[in-house]
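Reckoned from all heavy atoms, side chains included, excluding hydrogens, waters and symmetry mates. Residue indices begin at 1 and follow the sequence shown.
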Amino acid sequence: MLKVLGPCVHPNKLAVYSQKVFHIPPFNLQTHQQNRTYKHMDSFKWLLNKAYVNGKWISAENGETFEVTNPATGEVLGSVPDMNGSDTESAIRTAYVAFRSWKERTAKERSELMLRWTNLCNAHKEDLAKLITMENGKPLKDSMAELSYGVGFLELYAEEAKRVYGDIIPTNAKSRRLLVLKQPIGVCGMITPWNFPHAMITRKAAAAIAAGCSVVIKPAEDTPLSALALCQLAEEAGLPAGVLNVVTVSRDNAPDVGRTLCESPLVQHISFTGSSAVGKCLLSQSASTVKKTAMELGGNAPFLVFESADLEAAVKGVIACKFRCSGQTCVSANRIYVQEGIYDKFVARLAEEMDNELRTGDGLQPGTTQGPLINQRAVQKIDSFVQDAIQQGARLVRGGSKGQGNFYYPTLLSEVTSQMMCAREEIFGPIAGVLRFKTEDEAVIMANDTQWGLAGYLFSRDLSQIWRVTERLEAGIVGVNEGVVPCPEVPLGGWKESGLGREGGRYGIEEFLELKYVCMGGL
């Protein structure tokens, strides 16, 4: 049985800081797998093995499937259809037919149905959280938090459906009246990531469905089961056939399906959360049909700690912001800048807090705070960042090596510079790299020296400084003395190459509405 596992240093890589040596017992994956059983697996109703199109559970036209595995243990959870462009075209046609009737439903009808969907998700929250942990690997506590976050979007947009207001513009002639209507845009294609397999779907689909649109969703190949579970509950809530459709797709077929969604003339909107490189490809493909798009893309979030900060609060903020979901979030702190007067003290306290708070293991085991990375590609990427930093002179304070399977030990690097890969590129893993700065101006310049602008954070108790820095940061999301800032009620999105549009809050539903100006004459 997996235990943890003590401080977060790999046993074969002892790290020394402030003359203190730490050690943890090794994690034996083979022994863990022998002792680990899913007694509930055979009867676990959420391990669905079909795609969901037009209110039916279907296979791929060619009968192909792919496996879904638990990244913590390597255990195969099941298989789902490996759908292709042809399957996706069928789903799009289905969604288009459904849209024509769904858009005619009153806002009150859509709201009541979505509230039933919300209540069903809440009723099954514990099982849905276990499913997230099984296919994504994150600790169960994080999965429960994701469920609360994700269900919050269903509840929010059930209410926002009734608040889509038009406008009456003062007329320029006595015989005319000038109006603005807001109407649903149409069929929406959605491509969602694996790191929040429930919440990223509800954040997009709930807003679109509330607006009166139908959706075709391609969930990440690593985590399709949570998407299918949402379909099951939507069906039980009474959502009409064809309004919500999920096509499950392997990594090999993903480019074909993405291109089909982007180039179909029946799809009017593309919503994507993922890397900037893929987002640019989707934008290019969507240009041929001039689609409206919402893109939440890569990030390289700066986390600024000034000498005026509450040091303890800043350390806890880093733990929450950097190591939530093992660092696999797009708003995770990527570059931690600390003013030179408190630099050494901050690094020492962060190392101590990592030892006290971070526990690596299977997400279903009590006490685990750090699950595995999603796959071996992620492990190799993270390790290459660490090795690059060390070779360029960074000091390894904690961690710095692979565990067994998909595990990577939470890592702390000091004396990081802006030339290192971990400062130049999005990490998406459990590496905390700490850089120095001298002045406020220098910190802001360094923070903005990137093509990305999704999130940024600052810790300070100087109110004037807080306002100055907040306004100067080139990011769509700013956390002030807070390390975890997303919630359903707020608009989330990035500046620069971190995306287009906003999701969440009352702003999110606007992405799925078209404006229609009406001039009524002869009055």
Enumerate, atom names and distances included, each donor-acceptor pair closer than 3.5 Å involving a side-chain atom of residues 203-216, sequence neighbours excluded.
unit_1: R203; atom_1: NE; unit_2: E503; atom_2: OE1; d: 2.8
unit_1: R203; atom_1: NH2; unit_2: E296; atom_2: OE1; d: 2.5
unit_1: R203; atom_1: NH2; unit_2: E503; atom_2: OE1; d: 2.9
unit_1: K204; atom_1: NZ; unit_2: S271; atom_2: OG; d: 2.9
unit_1: K204; atom_1: NZ; unit_2: T273; atom_2: OG1; d: 2.9
unit_1: K204; atom_1: NZ; unit_2: E503; atom_2: OE2; d: 2.7
unit_1: S214; atom_1: OG; unit_2: A95; atom_2: O; d: 2.7

- prompt: side-chain hydrogen bond (donor to acceptor under 3.5 Å, both in side chains) between T289 and K291: does it pass, once the steps are laid out?
  reply: CA-CA 6 Å; T289 49; K291 284 182 175 47; 2.5 Å; yes
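- Ion pairing between R506 and E160 fails under the 4.0 Å rule for side-chain N and carboxylate O.
- Of the possible donor and acceptor atoms, none in the side chain of S332 sits under 3.5 Å from a partner among the backbone N and O of Q328.
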message: I'd like to know whether K182 forms a salt bridge (Lys or Arg N to Asp or Glu O under 4.0 Å) with E514, so could you lay out the CA-CA distance, the side-chain angles of the two residues, the decisive distance to 0.1 Å, and finally the verdict.
response: CA-CA 6 Å; K182 292 183 179 180; E514 288 279 31; over 6 Å; no
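- Judged by distance alone, with hydrogens and angles left aside, the side-chain atoms of N375 form a donor-acceptor pair with the main-chain N or O of R377 at under 3.5 Å.
- Side-chain contact check for E426 and N334: no donor-acceptor pair (N or O, by modelled atom type) lies under 3.5 Å.
- Judged purely by distance below 3.5 Å, without hydrogens or angles, the side chains of S286 and T293 never pair a donor atom with an acceptor atom.
- Q370 places a side-chain N or O within donor-acceptor distance of the main-chain N or O of F323, the cut-off being under 3.5 Å.
- Taking 4.0 Å as the cut-off between side-chain N and carboxylate O, K496 and E474 count as a salt-bridged pair.
- A search for side chain to side chain contact (heavy atoms under 4.5 Å, CB included) contacts involving S86 returns E61, N84, not counting sequence neighbours.
- For the pair T368 (side chain) and D362 (backbone), a donor-acceptor distance under 3.5 Å is present.
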query: Would S226 and E135 satisfy side-chain hydrogen bond (donor to acceptor under 3.5 Å, both in side chains), going step by step from the backbone distance to the final call?
result: CA-CA 8 Å; S226 291; E135 65 175 346; 2.6 Å; yes
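- Between the side chains of S326 and K138, no donor-acceptor pair is found at a separation under 3.5 Å.
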query: Going through the checks in order, is the side-chain hydrogen bond (donor to acceptor under 3.5 Å, both in side chains) test met by Q183 and K516?
result: CA-CA 7 Å; Q183 295 181 304; K516 179 181 287 183; 2.8 Å; yes
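- Checking T106 against K108 by side-chain atom types alone, no donor-acceptor pair falls below 3.5 Å.
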Determine all donor-acceptor pairs shorter than 3.5 Å in which one atom belongs to a side chain in residues 227-238; sequence neighbours excluded.
unit_1: Q232; atom_1: NE2; unit_2: E236; atom_2: OE2; d: 3.0
unit_1: E235; atom_1: OE1; unit_2: Y52; atom_2: OH; d: 3.0

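- S250 and D82 are linked by a side-chain donor-acceptor pair at a separation below 3.5 angstrom, with hydrogens and angles left out of the test.
- Using cut-offs of 30° and 60° on the angle between ring planes, the pair Y96 and F99 is tilted.
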